[in-house]
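Model, not experiment: these values are computed from the prediction. The chain is numbered in sequence order, starting from 1.
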Amino acid sequence: MSLCDTFPERAVFLIRQTAIAALNAAAGFLIVQFSPKSDYALYTLVFSFLAVFVNISNVGITPAMSGIGGRVWQDPAALRALLNSAFHLRSRIGVWLLLPFSAYCAWQFWQTGAGWFSVMALVGCVLIAAWAQIQAALYAIVLQLHKAVRPLQRNELAFTALKVLGI
């Protein structure tokens, strides 16, 4: 296979990655330029808490799934069992962390001056976004094992678009 045979595929890949990076940059620019200080603080807290919850509920599940999945990715039944086990374990960990994490988020949002309705809405948004990101991360492992670049880019582009729309 020569470089010319794969050039269109590489160009499409680069265009998609550039679009994702541009949307992320636009989101950052919009937040910094047009948000009052309190809104910027809330935005920063939401995305920080999202990252924290996703990481503390992971406890090594994602790397373990990647490692084990590398051995069973060609066996659909074994890969499905691995994915189901990862979802089940991560859900159980998430349920245990739900109340203390929600209480801490609510306290931090309250400290920024947000009202009770805003605090509850923001905590709900963080939890829903964390659940979606956890699900997407586990499914992304399956796509990575199958070298499915386009669906991975589509998912990343959708996440980035949601971030921009969330502003």
Side-chain angles (χ1 to χ4, degrees), residues 13 16-69 82-146 148-167:
F13 174 81
R16 286 183 179 152
Q17 288 303 114
T18 302
I20 292 167
L23 278 175
N24 275 317
F29 178 78
L30 290 171
I31 287 295
V32 170
Q33 292 298 315
F34 299 111
S35 294
K37 192 174 184 177
S38 61
D39 288 350
Y40 180 74
L42 287 172
Y43 175 84
T44 302
L45 282 173
V46 165
F47 280 95
S48 296
F49 288 148
L50 176 61
V52 166
F53 191 78
V54 168
N55 286 329
I56 63 175
S57 68
N58 188 17
V59 294
I61 294 170
T62 302
M65 189 175 161
S66 292
I68 296 168
L82 177 64
L83 189 60
N84 287 338
S85 295
F87 279 137
H88 180 71
L89 181 58
R90 199 131 186 217
S91 295
R92 288 187 66 191
I93 292 167
V95 166
W96 280 98
L97 296 171
L98 189 66
L99 187 59
F101 181 77
S102 297
Y104 180 73
C105 286
W107 176 66
Q108 287 293 312
F109 292 144
W110 182 257
Q111 293 297 312
T112 65
W116 279 110
F117 179 76
S118 294
V119 167
M120 300 314 281
L122 288 167
V123 169
C125 285
V126 167
L127 294 176
I128 290 168
W131 177 83
Q133 194 168 354
I134 288 166
Q135 303 302 313
L138 293 176
Y139 281 122
I141 292 169
V142 175
L143 294 173
Q144 290 165 354
L145 292 171
H146 288 282
V149 174
R150 285 187 184 164
L152 286 167
Q153 283 185 317
R154 234 186 342 250
N155 290 348
E156 183 67 24
L157 187 58
F159 177 70
T160 302
L162 285 174
K163 187 183 341 181
V164 171
L165 291 174
I167 294 170

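Looking at heavy atoms from C-beta onward, Y139 lies in side-chain contact with F87 at the 4.5 angstrom threshold. In this structure the side chain of F49 never reaches within 4.5 angstrom of the side chain of V123, judged on heavy atoms.
Nearest heavy atom pair, residue I20 against residue Q153, reads CD1-O, 3.7 Å. Residues A41 and T112 share a closest heavy-atom pair of CB-CG2, 4.4 Å. Here the closest non-hydrogen pair linking S57 and I134 is OG-CD1, 3.3 Å. Here the shortest heavy-atom pairing between A130 and F53 reads CB-CD2, 3.5 Å. Closest approach of I61 and A86 over heavy atoms only: CG2-CB, 3.8 Å.
Rounded to the nearest 0.5 Å, atoms CD (Q135) and CZ (R90) are 8.5 Å apart. With rounding to the nearest 0.5 angstrom, the CE atom of M65 is 5.5 Å from the CG atom of L138. Note: L23 CG to E156 CD = 10.5 Å, rounded to the nearest 0.5 Å. Atoms CG and CG, on L127 and L50 in that order, are 9.5 Å from each other to the nearest 0.5 Å. Note: L83 CG to I68 CD1 = 12.0 Å, rounded to the nearest 0.5 Å. Atom OG1 of T44 and atom CD1 of I31 lie 7.5 Å apart (nearest 0.5 Å).
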Between F34 and D39, does the side-chain contact (heavy atoms from CB on, under 4.5 Å) criterion hold? Intermediate values first, please. CA-CA 10 Å; F34 299 111; D39 288 350; over 6 Å; no

Working for side-chain contact (heavy atoms from CB on, under 4.5 Å), residues L122 and L45: CA-CA 10 Å; L122 288 167; L45 282 173; over 6 Å; no

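No more than 12 heavy atoms of other residues, nucleotides or ligands lie within 6.0 Å of CH2 in W96, so this atom counts as exposed by the packing criterion.
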